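Working notes, beginning with the structure itself.
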Amino acid sequence: MPDYTAPVTDLLFVLCDVLRIDRGDFASVDRDTCAAVLTEVARLAETRLAPLNRLGDLQGCRLENGVVRSPDGFAEAFAAVCAGGWYGLDCAPEHGGQGLPHMLHSAVGEVLSGANMAFHIHAGLTHGAYSAIAAHGSAAQRALYLPRLANCRWTGTMNLTEPQCGTDLGLIRTRAEPVPGTEGRYKLYGTKIYISAGDHDLTENIVHLVLARLPDAPEGVKGLSLFIAPKFLPDTDGSPGARNGLGAARLEAKMGLHGNATCEMLYDGAEAELLGAPHQGLAAMFTMMNEERISVGLQGYAQADRAFQGALAYARTRPQGRALGAPARPEAPADPILVHPDVRRMLLDQQGFTEGARALTLWGAQLVDLARGGDTAAAARLSLITPVIKGFLTDKGVESCLKAQQVLGGAGYIEEMGLSQILRDARVTTIYEGTNGVQALDLVARKLGGDGGAAIMALLGEMTGYAAESAPEEVEAKFHAPLRAALGDLQNALLRLQAFGANDPAAALSGASDFLHLLGHVCLGYMWARMARAAGAPGVLDEPARRAKLAAGRHYMSRHLPATALHLARIEAGAVASLPLDAGAAE
């Protein structure tokens, strides 16, 4: 299994030099603060979490007497992470959090996920549960749950999917029956599936947020309400008391993420309380879901970065063949495969994607911070790029892991080398929190037309204005000019989708995934243009680091950004090319 090294230097570059985390409400969060946080979490991730990654994959989780047992060493490591307050960095100080920017919380999340994704997901949904209760809970609910979720004494889950329905939440059957003589208390009956960390032995309690129907609920998604159902019912002082009427019936046998239990959860009269207003559960759940979609995008590129580290280390040491021209190591019988152009291509493909994805995701986290401060324009932009972060970055993250595996050749297919596990773990990121096809449909069918298209026009205006600004000659030729060409493709794609309009919705939706990828490439191109300009500023990077950064950026701009033209051509083809069969022709 390849070692993991947290990308502290690059995270600091993006946070402090590209995005300027110290602007606005977080002026006191300077480079020294970020460096201290990232250096310490890197130590924890590299020494405690990364060594458990392979062990968790081999051992997996076990369901014994109704309790899920985690792999060896997970409980001790989880206690260490929680003791450091790493999961509550941006939570409110009155709840035990540190009140730091969500940007820094996201950077820490990349390090933890890159070191051990299966381990990290045990607490991965907890922050979203915290946010949902903070936004929609009563004063009593906030007082009980928020401090315990902020420090991960209790973890949280999201319960949506059922055996008969996934994305179509209007088909949910789980029901909530009022408890006579109480106000706001219910009993839940139903089955939920694919619940990440639905049960484990790492914390004293687990807080389940569950979508269900009240007896008077209207049909469809308008009849969904959201409920809080803890594993153990809190006593009057908040301590975990009696076991609730819920539990894991079985664990899914999965392709990857063996160190994290994906549970089928049975609710057999589980006591619960309503979170938010009746029949408004989906809106409350989206507070959690949208946050998690950005986290999943982060997981996608974090795994790609770990795979890239393994591929690069192998390419530097694996001898095979000779470099073109003079040998790189004439004293040895062969040169390392790093000298071969196709190997370098694959490595630069990975580096160009990963570093661009990091910047895009942290920019999304910055928009979260701005939106929390009341910036409505930032909130609109965040809504627009959330499906891009989730969909594009996970699609490309899996592709990047495949390239890392390919660098190793036959060794990449062998489990003990570790690339196979990374690929298997990354694969789920394209599926959960809404498959990437659903993200694309959401983007095209809902987000583009929101507020009359104001958000996409504002984003387009921001990027177009940036690409038109004066820049050093190298940045202008290699970054700004290709970005302007890609922005032209984006404008033409928007015009084509507008032309399809309501008259041919199938034509618009058949190009949804291509539009998501087109916009994703443009966003990464925009991030690379910003990074190129920041890298050239005096004193930001030393000369070797500056050259490496610009080389990776030039590779992305010249080899990957032109894919916008291909995606535009596919969008312009409409539904004729992709939907040739009628609904019954495939039967």
Side-chain angles (χ1 to χ4, degrees), residues 160-161 164-172 218-224 282-283 285-286 289-290 293 297 379-396 430-461 463 486-523 563-587:
L160 290 80
T161 304
Q164 78 286 349
C165 71
T167 301
D168 190 354
L169 297 175
L171 301 177
I172 281 177
E219 295 295 321
V221 295
K222 293 182 179 180
L224 296 176
L282 194 58
M285 183 61 87
F286 265 107
M289 195 181 304
N290 284 328
R293 285 173 174 169
R381 199 155 304 175
L382 175 65
S383 178
L384 185 67
I385 69 168
T386 292
V388 176
I389 290 173
K390 195 283 180 186
F392 180 69
L393 297 191
T394 59
D395 273 347
K396 291 298 180 181
T430 68
I431 297 171
Y432 62 13
E433 303 306 335
T435 64
N436 287 354
V438 170
Q439 304 300 320
L441 294 176
D442 176 58
L443 174 63
V444 170
R446 296 178 56 208
K447 300 295 177 61
L448 290 185
D451 197 21
I456 186 62
M457 296 312 297
L459 177 62
L460 186 61
M463 294 189 292
L487 285 165
D489 290 335
L490 176 58
Q491 289 175 309
N492 288 331
L494 288 168
L495 291 172
R496 176 59 63 160
L497 291 175
Q498 185 179 30
F500 287 141
N503 296 325
D504 195 357
L509 295 182
S510 68
S513 288
D514 279 292
F515 184 81
L516 183 144
H517 276 245
L518 194 162
L519 181 56
H521 277 297
V522 171
C523 287
T564 56
L566 170 63
H567 292 299
L568 173 60
R570 290 172 173 171
I571 293 167
E572 291 176 335
V576 175
S578 57
L579 300 174
L581 302 178
D582 61 42
E587 295 180 355

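A quick note: this is a predicted structure, and the numbers were derived from the prediction, not measured. FYI, the numbering just counts along the sequence from 1.
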Query raised in the report: Does A283 have any side-chain contact (heavy atoms from CB on, under 4.5 Å) partners at least two apart in sequence or in another chain, and if so, which?
Result: none

Query - Spatial distance of atom CG (L518) from atom NE2 (H567) [nearest 0.5 Å] - result: 6.5 Å

Query - Those residues that, when tested against L487, pass side-chain contact (heavy atoms from CB on, under 4.5 Å) (two or more places apart) - result: L460, M463, T464, A467, L483, L490, V522

Query raised in the report: At what distance, to the nearest 0.5 angstrom, does OG1 of T394 lie from CG of N436?
Result: 3.5 Å

Report task. Kindly indicate whether the side chain of L494, heavy atoms from C-beta on, has any atom under 4.5 Å from the side chain of Q491. Result -> no

**Report entry** Side-chain heavy-atom pair L384, L443 within 4.5 angstrom cut-off
**Finding:** yes

Query raised in the report: Which pairs with one or both residues in residues 379-388 pass salt bridge (Lys or Arg N to Asp or Glu O under 4.0 Å), sequence neighbours excluded?
Result: R381-E462

Query raised in the report: Can you name the residues that form a side chain to side chain donor-acceptor pair (under 3.5 Å) with T430, not counting sequence neighbours?
Result: R427

Query - With T564 via side chain to side chain donor-acceptor pair (under 3.5 Å) - residues at least two apart - result: D489

Query - Closest approach of H521 to A563 (non-hydrogen atoms, all atoms of both residues) - result: NE2-CB, 3.8 Å

Query raised in the report: Can you say whether the rings of F392 and H517 are parallel (under 30°), tilted (30 to 60°) or perpendicular (over 60°)?
Result: perpendicular

Report summary line: Residues at least two apart in sequence or cross-chain that pass side chain to side chain donor-acceptor pair (under 3.5 Å) with R496, listed by chain then number, are none

**Report entry** Residues forming a ring pair (Phe, Tyr, Trp, His ring centres under 6.0 Å) with F515, sequence neighbours excluded
**Finding:** none

Report task. Write down the atom of I571, the atom of A493, and the distance for their closest heavy-atom approach. Result -> CD1-CB, 4.0 Å

Report task. Can you see which heavy atom on C165 is nearest to which on L171, and at what distance? Result -> CB-CB, 3.6 Å

Query - Which residues share a side-chain contact (heavy atoms from CB on, under 4.5 Å) with Q498, sequence neighbours left out - result: L495

Query raised in the report: Which atom names give the shortest non-hydrogen contact between G574 and S510, and what distance separates them?
Result: O-OG, 3.3 Å

**Report entry** Partners meeting side chain to side chain donor-acceptor pair (under 3.5 Å) with Q164 (sequence neighbours left out)
**Finding:** E162

Report task. Determine yes or no for a side-chain-to-main-chain donor-acceptor pair under 3.5 angstrom, with K390 supplying the side chain and G434 the backbone. Result -> yes

Report task. Applying side-chain contact (heavy atoms from CB on, under 4.5 Å), name anything that partners L169, two or more places apart in sequence or on another chain. Result -> L160, I172, L211, V221, L224, L282

For residues 446-459, please give each side-chain donor-acceptor pair under 3.5 Å, one per line with the distance, not counting sequence neighbours.
| residue | atom | partner | partner atom | Å |
| --- | --- | --- | --- | --- |
| R446 | NH1 | D442 | OD1 | 2.9 |
| K447 | NZ | S383 | O | 3.1 |
| K447 | NZ | D442 | OD2 | 2.8 |

Query - Pair listing, salt bridge (Lys or Arg N to Asp or Glu O under 4.0 Å) test, anchored in residues 503-512, at least two apart - result: none

Report task. Of all the heavy-atom pairs spanning G437 and S513, show the shortest one and how long it is. Result -> CA-OG, 4.3 Å

Report task. Would you name the heavy atoms of A445 and L509 that are closest together and state the gap between them? Result -> CB-CD2, 4.0 Å

Query raised in the report: So, R293 side chain and E433 main chain: donor-acceptor pair closer than 3.5 Å or not?
Result: yes

